[in-house]
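We name chains A, B, ... by the order of the sequence lines, and we start the count at 1 in each one. Keep in mind that what you see is a predicted model, and the values were worked out from it rather than measured.
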Amino acid sequence: MRGEPSILHVDLDAMFAAVEQRDKVSLRGRPVVVGGVAGRGVVSTASYEARAFGVRSAMPMAQARRRCPPGTAYLSPRFAAYKRTSQVVMALLAEVTPLVEQVSIDEAYLDLTAGDHDLTPHGVTELGLRLKRDIADATGGVTGSIGAASSKLLAKIGSELRKPDGLTVVTPGEELTVLHPLPVGALGGVGPATEQRLHRAGVRSVGDLARIPLDDLVDWFGVAHGNGLFRLARAEDNRPVVSEREAKSVSAEETFDVDLADPARLNRELDLLAARVAGRLKAGGLTGRTVNIKVRHPDFTTVTRAVTRDQPTDDGRLVAQMARRLLAEVDTSGGVRLLGVGVSTLADFAQDDLFSTGLLDGFFTSLPEHFAGPASSPEHFAGPASSPEPVMSAAGEPDLGAAAVALAGGDAEAASGDESTSGDGSASGVTPAVGVAAPATGVAPIPVWRPGQDVLHDEHGAGWVWGSGLGRVTVRFEGPHTPPGPVRTFAVDDLRLHPADPPDWRLAP
DNA sequence: TCTGGGGTCCTAGGACCC
DNA sequence: TCTGGGGTCCTAGGACCC
């Protein structure tokens, strides 16, 4: 274990709800519940005002509605907006240290030993306070809570202790004092099932857990989990902060508003799910050998089926065909509540092929971040879906243009499940989505324009970003509701932040 | 109007191989 | 006839996380 509190855990407070309250003044101070607002939806995030009424993440939305008073706002998620805010924050974190592990859209670990910092408790406290200020400034008021400690375990617990907008530095030597009074459920990896089992054994606090012999824990929970609990209860945690992780699977699933039993309809749904999965595989330059399906019955029992092929694929039709065969093995006569399709045992052959062709030489090196847009040769990129521009493709090779656009964020909305918002009639298609490459020191972040996804506004309407290069961005004035217009080029200097909405970019008049 | 969607990791049993 | 044993791959299910 480290001798300094050199691991930070940064957690944005009720992020989805906070972004909504930031973007809409009338929501501030009111209970806001973000999640699936219709049918079988659940709560993604509740604002602190809504939490006062007992609303929690993963609670059925119907239950949240029963708990909250009139005047509560129930909102579908706007993933593009959350992602923008997330990118602003992650860019800030990358300035602190190169070793950042993004855990989710609103959470990350930082290893401060990879940067040049004063690692005394005082120094880390100063850094945490500064970082909190920077986050709130850069996001237009979304706050984060920070924990600093000698391990991931304690850093995460630290960030929870004083939420929202809190900072806790656990000084080395103090770990067990902080840890042992907490309920066992506060440990990462202790969910409802583990907690129940521990309660039955009379274990309620982490301190109680620390008195249970290793053999008992292994008996109850298996080797891996038992050993894990034994160590965590003693604050023994040397998990490193890891910045890049390879994806292990890609999947898509859907819970239907009403249970489906018609086999033809189920097969069609399977095809759509397979196409979504394949699209995201292609976007990530991935292929996989195993196709999985998931079927949830009306009584919530869930079965999975899988087949593994010799050769990996990213072909949606092939995935669909395999999925249909698997579905035929499952009894669906009683109706289906949820259907899912996944691909695992991934290989990155497609990506390897792209690299080995040399076609991408110089492309990635020009990207400041893994999710940034193109920084050169905009003419090589396909524009919006309606683009007439052919994309280059070596014979028989994966489609570079498609991959490049996807890497530039073209599939970001599908990847984050944004389709769930498409039904609410909001103009999600014209929501600007700005990728952040690297923040200018101390001031507004520099946007990276993503062709086919980002939208710029001027007084006449919205236009898709067509391409971008150093110091300029081209915009085609063609939105989902407007006919194709001219492509115009603007200097980046002519773009400015719209005062009403920090991440929203406008063309200067 | 009970229970989303995208993931990760672990376990256990069977097949198969040496 | 009284049947080893380790390693790896595959499938199904479950717990957990955000």
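In this structure, A/Arg197 atom CZ and B/dT11 atom C1' are separated by 17 Å, rounded to whole Å. B/dG6 atom C1' lies 13 Å from atom NZ of A/Lys83, rounded to whole Å. Between the CZ atom of A/Arg56 and the C1' atom of B/dC2 there is a distance of 18 Å, rounded to whole Å. The separation between A/Asp259 atom CG and B/dG4 atom P is 11 Å, rounded to whole Å. For the pair A/Leu153 CG and C/dC17 C1', the computed distance is 15 Å after rounding to whole Å. Residue A/Leu286 contributes atom CG, which lies 14 Å from atom C1' of B/dG7 at whole-angstrom precision. Distance, A/Leu327 CG to C/dA12 P: 13 Å, rounded to whole Å. Look at CZ on A/Arg276: it is 15 Å from C1' on B/dG7, rounded to the nearest Å.
In the region residues 329-340 of chain A, proximity to DNA chain B at under 4.0 angstrom, judged on heavy atoms, holds for A/Arg337, A/Leu338. Residues of residues 246-255 of chain A that place a heavy atom closer than 4.0 Å to DNA chain B, in numerical order, are A/Ala247, A/Lys248, A/Ser249, A/Val250, A/Ser251, A/Ala252, A/Glu253, A/Glu254, A/Thr255. Scanning residues 33-46 of chain A for heavy-atom distances under 4.0 Å to DNA chain B yields A/Gly39, A/Arg40, A/Val42.
A parallel orientation is assigned to the rings of A/Phe16 and A/Tyr82, their planes being inclined by less than 30° (bins at 30° and 60°).
Its glycosidic angle being more than 90° from 0, C/dC2 falls on the anti side. Anti is the glycosidic conformation of B/dT3, whose angle departs from 0 by more than 90°. Within 90° of 0 lies the glycosidic angle of B/dT1, which makes this nucleotide syn.
Checking A/Arg296 against A/Ala224, the closest nucleotide of DNA chain B that is more toward the 5' end is the one next to A/Arg296. Each of A/Val303 and A/Arg289 lies near DNA chain C, and the nucleotide nearest A/Arg289 is the one positioned closer to the 5' end. Nucleotides of DNA chain B nearest to A/Asp299 and A/Val223 differ in position, and the one nearer the 5' end is that of A/Asp299.
Comparing the C1' positions of C/dA15 and B/dT3 gives an interatomic distance of 16 Å, to the nearest angstrom. C/dG4 sits 14 Å from B/dC17 when the C1' atoms are compared, rounded to a whole Å.
Backbone-only contact: A/Leu187 has heavy atoms under 4.0 Å from sugar-phosphate atoms and none from a base. A/Lys156 comes within contact range of the sugar-phosphate backbone alone, with a heavy-atom separation under 4.0 Å but no base atom that close. Residue A/Ser57 is out of contact with every strand shown, counting any heavy-atom pair closer than 4.0 Å. Using a 4.0 Å heavy-atom cutoff across all strands shown, A/Asn292 reaches no nucleic acid atom at all. Residue contacts shown for A/Arg65 are absent, as no nucleic acid heavy atom lies under 4.0 Å away.
A heavy-atom distance below 4.5 Å is not found between the side chains of A/Thr143 and A/Ile135. Side-chain contact between A/Glu174 and A/Val169 is absent, with no heavy-atom pair separated by less than 4.5 Å. A/Asp13 has its side chain within reach of A/Tyr48: a pair of non-hydrogen atoms, C-beta onward, lies under 4.5 Å apart.
Among pairs with a residue in residues 327-339 of chain A, those fulfilling side-chain hydrogen bond (donor to acceptor under 3.5 Å, both in side chains) read A/Asp331-A/Ser333, at least two apart in sequence or across chains.
A donor-acceptor pair under 3.5 Å is formed between the side chain of A/Arg280 and the backbone N or O of A/Ser251. With hydrogens and angles ignored, the 3.5 Å screen pairs a side-chain donor or acceptor of A/His180 with a backbone N or O of A/Ala233.
Using modelled atom types and a 3.5 Å distance limit, the side chains of A/Ser344 and A/Ser249 yield no donor-acceptor pair. Side-chain N/O atoms of A/Asp111 and A/Thr113 include a donor and acceptor closer than 3.5 Å. A donor and an acceptor atom, one from each side chain of A/Arg289 and A/Thr308, are nowhere located under 3.5 Å apart. A side-chain donor from one of A/Glu175 and A/Ser150 sits under 3.5 Å from a side-chain acceptor of the other. Defined by atom type and a distance below 3.5 Å, a donor-acceptor pair is present between the side-chain atoms of A/Arg22 and A/Thr85.
In the set B/dG7, C/dT11, C/dC18, C/dC18 carries the atom at the smallest distance from any side-chain atom of A/Asp106. In this structure, of B/dT3, C/dA12, B/dT1, it is B/dT3 that holds the atom nearest to the side chain of A/Phe300.
Here the closest heavy-atom approach between residue A/Pro181 and residue A/Leu176 is recorded as CD-O, 4.1 Å. Shown here for A/Ile212 and A/Arg234, the closest heavy-atom pair between the two residues is O-NH2, 4.4 Å.
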**Message:** In dot-bracket form, 5' to 3', how is DNA chain C paired? Count Watson-Crick and G-U wobble pairs only if both distances fall under 3.5 Å, and write | where the partner sits on another strand.
**Reply:** ....||||||||||||||

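Applying the side-chain contact (heavy atoms from CB on, under 4.5 Å) criterion to A/Ala114, with sequence neighbours excluded, gives A/Thr97, A/Pro98, A/Leu99.
Here A/Thr304 does not reach the OP1 or OP2 of C/dT11: none of its side-chain N or O atoms lies under 4.0 Å away. In this structure, A/Arg305 reaches the C/dG13 phosphate: one of its side-chain N or O atoms is under 4.0 Å from OP1 or OP2.
A salt bridge (Lys or Arg N to Asp or Glu O under 4.0 Å) with A/Glu253 is found for one member of A/Lys294, A/Arg276, A/Arg296 and no other, namely A/Lys294.
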